[in-house]
Each structure stands twice: as structure tokens, then as C-alpha cells.
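Input: a single structure, listed below in C-alpha cells.
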Number of protein chains: 2
Amino acid sequence: MISQTEENYLKALYNLTYLKGEATVNEISKRLDIKMPTVNSMMKKLSEKGFVHYESYKPLKLTEEGKKEAALIIRKHRLTEMYLVEKMDFAWDEVHQIAEQIEHIHSPEFFTKMDQLLGYPTVDPHGSPIPDHNGVMRSENYIFLDTCEIGDVVTLMAVQPSSKELLQYLNTKNLELGTTLTIHSIEPFDRSITVSYGNRPAEVLSSKVTATLLVRPIS
Amino acid sequence: MISQTEENYLKALYNLTYLKGEATVNEISKRLDIKMPTVNSMMKKLSEKGFVHYESYKPLKLTEEGKKEAALIIRKHRLTEMYLVEKMDFAWDEVHQIAEQIEHIHSPEFFTKMDQLLGYPTVDPHGSPIPDHNGVMRSENYIFLDTCEIGDVVTLMAVQPSSKELLQYLNTKNLELGTTLTIHSIEPFDRSITVSYGNRPAEVLSSKVTATLLVRPIS
DNA sequence: ATATTTTGTTAGTACAATCTAACTTGTTAG
DNA sequence: CTAACAAGTTAGATTGTACTAACAAAATAT
Ligand SMILES: [Mn+2]
Ligand SMILES: [Mn+2]
Ligand SMILES: [Mn+2]
Ligand SMILES: [Mn+2]
């Protein structure tokens, strides 16, 4: 009953509203590269179907049912990414486009089997949480690396957002989830950060990078 | 360029024309459960695209390009079925509906990886051949069990067509690919066949069943 | 050989998902 | 505060995939 197209709108809205609680027609339009009038009429349709709170000229919100539907699609996306990396030997920067398609497969058995073969993982290969089968997503209280201070020792827990280009950049720096970083200095001018980790010389990470790295301080 | 819908038409036409070399609008209509006028206009469209030879009131054929496209979709379908059975532990009667969806995924890397992980299989879980990456499908010269004679000893090589119901029936009889069957008698009235295999009492198979079982005589 | 049935085609309609152009509402900069 | 700009909406067109109704051709039965 929910088309692939509708699923992509729900997912976009879920991700855009995740922090602020609401999103605009314009944001969805940019995210999906679909013109605003198209987004507008789709929002009305999803509102008719009970997935979106729509009022003219007001920001958009998902209903509880919309949130659940979206989270279940994200669950399929992230389980798929995890499966591709863990069981099919893909790299973490190769899985998004495939998962973008497989998330629309209608087969509870298929995803249940994936989940089981993976041992019921709670995060995807980029550290993002996998919603449970009721669409409930646990949120961890990680902090972004660009909010840390000199002397902090932290573990890399997630990359968000995880564009292919960023992931490939992190590959070249041998930075992966679980890596422990020590912050040596912070350049006041551009907020770039010098860190060390593993058996390698210190690395400088720009603020564009540190703003995407979620870490947990070692307590 | 080729939509999911078009892919399903190409695949239907390929399978229908596989034996006779041609098929009718009516056959595709029944196979896909889509009304004849819709099939008719889709055939014209696929003809425009160079995949189908269409002439009013004449039977339909695939062009060479159409055959190749169809075979490559069937390749993805059968690789997927094999992967689901071999690597994800699904039963042979559970995989068709999932493969019917995954066959439309656009990702050469995904199917190349499947192929590699499976060790480049040549047949799917129902014994049907998997076309190669150029869309070439090798045909084995198996014979249907209902053409065998008393005293023949044969190996079950494929089930065709392999409906879920038939596969489940074969499960109850412990009949699987590779099973060696000895033909004890053939009932002239209804052409049912009594066979023995493994450590079990003789079984009677109706002609509805034997007409779907492809076997290779043990020479 | 003709009548009946089946198959194939044409014409017109519907719905989903997209677009552009034009208009309205809301926001922001002087 | 108002003018300009950005965002949102409405209206109308387009494309893809489906349908029904009506008609034409081919196959079949009498
Ligand atoms: Mn998607
Ligand atoms: Mn991810
Ligand atoms: Mn299909
Ligand atoms: Mn099969």
C-alpha cells in the first residue's frame, strides 16, 4: 500500500526531522532532488494516508504511524548495509546505493533472516542505530569530535552524515569505527584538530571532517 | 532505461518463447495477470525500443537484444535464488517471491559478488540453468520423467515449472535434486508411475508430477 | 461456408508521479 | 515599514502503466 516512491519521501522526512522535529517542503525537495510542487502534493497525499501532519505554509511533521513506517524502512536499509559489509565483504563506502534499493523489498522473512544471520546487530557499518522491529530507534549520546577539547581521548563511534566521499577519505587515513583518538591541538583559526591514533604520525582533521565524526569520550 | 515493469514483460516473453520460439499477447496477459490491451501497447513500446518483433495479429518474438536483456534478468533471478538457498538457508520453495523482487536491483557489483561467493554456479535451486554474464544460457538435454520407461534408472536434475505447491509436495516425498529414481511400473490408465529411491517404500507419482520432473538417465 | 468464439487492436479513461508557469504567503534586508 | 526575495501553493501538462468498452481479425465449431 505504500509505494517505493512514498517510502523514499517518508524516509527523507524522518531523517530531516530527526533532530529538529520538523522539516520544510524545500528541504525535502533538495534532499530528494524533486521540485517543490511535487513534494507539496505528495505531502498532502501522505497526510491523507495518515503518515504526515500537513497544514498549509507550516513545517511538516510525521505522525506516529509515519515515524514507525519510516523507521521500519530505515531498519531494512541499515540491516542491509550491515549484511553487505559483514556477510558479503563489501566496504563501508560501497553499500549505500545497494541498500537504497533493497530497503524497498517486501519480505519480512528476508530481513528477519538477515537480522538472525548477523546476530541481531544494533548499529550499521557507519555507526547509525538500527531501529527494532517495532520501529523504535535507540539514540546514543555521542558527541561530535569538533566539540572536544585538547587532551581528550575518545573512541570513534559513528560517521554522520556518511557520504561516499567522506568514507573514502577516512579509508585513506585508516580511520575506522572503534579507533581511539587523542586530541593534541586545536587550531583556533579554522578549528582543525590534530589527533593521533594507532601506530602512525599525528593527523590533522579539518572541521568539515570533525563535524561528521561522532565519538564517545573514554571515561 | 528499462523499467521494472518492462523487465517483467521481457522475462515473461522469454520464458513463454523458450520452447516454441514465439508467444501470444493472450499468453503474456494470462502469465502476468494484465489485460490484453495493456500487453498489446507494451509490446508496441518494447518493439519501439528494439526488444520485441511486433506485427499486428502475429505472434510475438524477442529480438536478439531482447533475448539478452531478458536472460540477464533471469540470471539475476536465479543467482538470487541460489544465494538465498546456499548462503541464507532458505528452502527451495521459499525463494521465488524474494528473487522476483531482487532481480530488479541495479547493481552489477552486487550480483558479481553473489556469483563469486557462490563459486559461479551454473544452475539454480530448481535445476534451471543460470545464463552467463552475456546472457547466454546453456541448455541441458534432460528428459521429463513421464517419457521414461519401466526399468529406467534416472537422476532428478530439475523441476520445471517449479511452483511453490509442487516443491512443497516434493518435500513431503523427500524428493530432491540429485535423487536417483528407479521406475518400477507405469499405470496405463492415468500414466502414474511407481518409483523407488533412497531407503523408503515405493512411491506413486501422478502424471501431473512426472510432467514437471526433468531427469538424466544413468548411462 | 457460415456462425460463434477467441484473440488482438483501438479508443478513451484513470491514477501515480513528475514537471513548468504563475500566483500567494512568509521572511528578510534596507 | 516596505520592497525584494524565498518558500509554498495552485493549475495545467506530461509520461508510464493500468483499465473498460467497442470493434476487427483469426480460429473453431457446426
Ligand atoms: Mn530508497
Ligand atoms: Mn549507514
Ligand atoms: Mn520481477
Ligand atoms: Mn528457480
Side-chain angles (χ1 to χ4, degrees), chain A residues 1-17 19-62 66 69-70 73 100-101 103-104 106, chain B residues 1-17 19-62 66 69-70 73 100-101 103-104 106:
Chain A
M1 275 80 340
I2 306 181
S3 70
Q4 192 156 318
T5 302
E6 289 168 335
E7 287 188 343
N8 284 331
Y9 280 91
L10 286 177
K11 198 157 64 89
L13 189 49
Y14 187 98
N15 285 323
L16 284 169
T17 54
L19 294 174
K20 300 161 295 182
E22 51 187 46
T24 67
V25 170
N26 196 241
E27 287 166 338
I28 301 174
S29 170
K30 283 170 181 153
R31 164 79 61 120
L32 297 179
D33 195 22
I34 287 172
K35 296 285 178 290
M36 287 208 299
T38 309
V39 174
N40 189 269
S41 49
M42 182 57 83
M43 289 305 113
K44 286 177 167 174
K45 185 177 163 197
L46 290 174
S47 168
E48 282 302 309
K49 290 195 176 190
F51 297 125
V52 168
H53 291 296
Y54 174 86
E55 285 180 272
S56 275
Y57 297 103
K58 297 239 183 94
L60 300 156
K61 292 178 198 181
L62 285 167
E69 285 298 334
I73 300 158
E100 200 58 47
Q101 299 176 66
E103 69 190 2
H104 304 292
H106 294 296
Chain B
M1 300 274 44
I2 306 182
S3 71
Q4 192 155 318
T5 302
E6 290 169 333
E7 288 187 343
N8 283 332
Y9 280 92
L10 286 178
K11 197 158 64 90
L13 188 49
Y14 187 99
N15 285 324
L16 284 168
T17 55
L19 294 174
K20 300 161 294 180
E22 50 187 46
T24 66
V25 170
N26 196 241
E27 286 166 339
I28 300 174
S29 171
K30 281 171 182 156
R31 162 82 59 121
L32 296 179
D33 195 22
I34 287 172
K35 295 288 180 289
M36 287 206 297
T38 308
V39 173
N40 189 270
S41 49
M42 182 59 81
M43 289 305 112
K44 286 175 167 176
K45 185 178 164 198
L46 290 174
S47 168
E48 282 303 308
K49 291 195 174 188
F51 297 126
V52 168
H53 291 297
Y54 174 87
E55 286 181 272
S56 275
Y57 296 105
K58 295 236 183 99
L60 301 157
K61 292 178 198 183
L62 285 167
E69 285 298 334
I73 301 157
E100 199 59 47
Q101 299 176 67
E103 69 190 1
H104 304 292
H106 294 296

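A note on names: the letters A, B, ... follow the listed sequences, proteins ahead of strands, and every chain is numbered from 1. Since the structure is predicted, the reported quantities are computational estimates derived from the model, not experimental observations.
Here the C1' atom of nucleotide C/dA16 and the CD1 atom of A/Ile2 are 15 Å apart, to the nearest Å. Put simply, CE on B/Met42 is 17 Å from C1' on C/dT10, counting in whole angstrom units. Atom pair B/Lys44:NZ and D/dG16:C1' shows a separation of 16 Å (rounding to whole Å applied). If you take CG of B/Asn26 and C1' of C/dT7, they are 6 Å apart, rounded to a whole angstrom.
If you check residues 50-60 of chain A against DNA chain D, the residues with a heavy atom closer than 4.0 Å are A/Tyr54, A/Ser56, A/Tyr57, listed by number. Near DNA chain C, meaning a heavy atom under 4.0 Å from it, residues 27-37 of chain A has A/Ile34, A/Lys35, A/Pro37 in order of number.
Under the 4.5 Å side-chain criterion, counting only non-hydrogen atoms from C-beta, B/Leu13 is not in contact with B/Arg31.
Phosphate contact (OP1/OP2 of C/dT18, side-chain N/O of A/Tyr9, threshold under 4.0 Å): present. Distances shorter than 4.0 Å separate none of the side-chain N or O atoms of B/Thr24 from OP1 or OP2 on C/dT7.
When the salt bridge (charged side-chain N to carboxylate O under 4.0 Å, His left out) test is applied to B/Glu55, the partners found at least two apart in sequence or on another chain are B/Lys58. In this structure, the salt bridge (charged side-chain N to carboxylate O under 4.0 Å, His left out) partners of A/Lys20, at least two apart in sequence or on a different chain, are A/Glu27. With sequence neighbours excluded, the residues satisfying side-chain contact (heavy atoms from CB on, under 4.5 Å) with A/Glu22 are A/Pro59, A/Lys61. Listed by chain and number, the residues in a side-chain contact (heavy atoms from CB on, under 4.5 Å) with B/Lys30 are B/Asn26 (sequence neighbours excluded). Under the side-chain contact (heavy atoms from CB on, under 4.5 Å) criterion, B/Gln101 pairs with A/Ile105, A/His106, not counting sequence neighbours. Every residue two or more places apart in sequence or in another chain that forms a salt bridge (charged side-chain N to carboxylate O under 4.0 Å, His left out) with B/Glu6 is listed here: B/Lys45, B/Lys49. In this structure B/Thr5 satisfies the side-chain contact (heavy atoms from CB on, under 4.5 Å) test together with B/Ser3, B/Tyr9, B/Met42, sequence neighbours excluded.
In this structure, C/dG30 and D/dC1 make a Watson-Crick or G-U wobble pair, each of the two defining distances being under 3.5 angstrom.
Within 4.0 Å (heavy atoms only), B/Ser41 reaches no atom of the nucleic acid at all.
Candidate nucleotides D/dG8, C/dG8, C/dT18 were compared by shortest atom distance to the side chain of A/Thr38, and C/dT18 ranks first.
At a cut-off of 3.5 Å, with distance as the only test, a side-chain donor of B/Glu7 or B/His104 sits close to an acceptor on the other residue.
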